[in-house]
Amino acid sequence: MLELGPTSEEEHMQVLDSACAVSDLVILYGEEFRRAADHISHSNIVWCGTINGCVNEVRGCVDADSVILVKGSRGMAMENVVLQLTSGN
């Protein structure tokens, strides 16, 4: 979503609002989502300042029945979240 340009703030807020409506927990990473979270009043939002923080949050709340969606721009390197979660490290 880094590529959105002038509509970035509004688009991040819409995505966040939609995710919160259908999720038990929404873990965020990146300044754009941090700013969006400041404008959204959902109690199921956690913002992390690092990839490792995201991984630790996920590991702290999942069980065998959990469904996890990792979404982000290629520029945010969110594949590192998936790699860490699936490698067990």
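Only a predicted model underlies this, so the values are computations on that prediction, with no experimental measurement involved.
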Q: Go through the structure and list residues passing side chain to side chain contact (heavy atoms under 4.5 Å, CB included) with Thr7, not counting sequence neighbours.
A: Leu4, Glu11

Q: Any non-hydrogen side-chain atom of Arg34 less than 4.5 Å from a side-chain atom of Leu28?
A: no

Q: Identify, with sequence neighbours excluded, every residue that meets salt bridge (Lys or Arg N to Asp or Glu O under 4.0 Å) alongside Arg35.
A: Glu32

Q: Over all heavy atoms of both residues, which pair between His39 and Met13 is shortest? Give the atoms and the distance, please.
A: CB-SD, 3.4 Å

Q: May I ask you to decide if Cys20's main-chain N or O and Asn44's side chain share a donor-acceptor pair within less than 3.5 Å?
A: yes

Q: What pairs of residues pass the salt bridge (charged side-chain N to carboxylate O under 4.0 Å, His left out) test when at least one of them lies in residues 77-86, not counting sequence neighbours?
A: Arg74-Glu79

Q: Just to verify, what does His42 make a side-chain hydrogen bond (donor to acceptor under 3.5 Å, both in side chains) with, not counting sequence neighbours?
A: Asp17

Q: Per the side-chain hydrogen bond (donor to acceptor under 3.5 Å, both in side chains) rule, what does the pair list look like for residues 19-30, sequence neighbours excluded?
A: none

Q: Under 4.5 Å between any side-chain heavy atoms of Phe33 and Ile45, yes or no?
A: no

Q: Not counting sequence neighbours, which residues clear salt bridge (Lys or Arg N to Asp or Glu O under 4.0 Å) with Glu9? List them please.
A: none

Q: Quick one: side chain to side chain contact (heavy atoms under 4.5 Å, CB included) partners of Ser66, sequence neighbours excluded?
A: Val62, Asp63

Q: Using side chain to side chain contact (heavy atoms under 4.5 Å, CB included) as the criterion, list what pairs up with Leu25, not counting sequence neighbours.
A: Ile27, Val46, Cys61

Q: Run the side-chain donor-acceptor check on residues 47-57: report pairs under 3.5 Å with partners two or more places apart or on a different chain.
A:
| unit_1 | atom_1 | unit_2 | atom_2 | d |
| --- | --- | --- | --- | --- |
| Trp47 | NE1 | Gly30 | O | 2.9 |
| Thr50 | OG1 | Gly53 | N | 2.8 |
| Asn52 | OD1 | Gln84 | NE2 | 3.1 |
| Asn56 | ND2 | Asn52 | O | 3.2 |

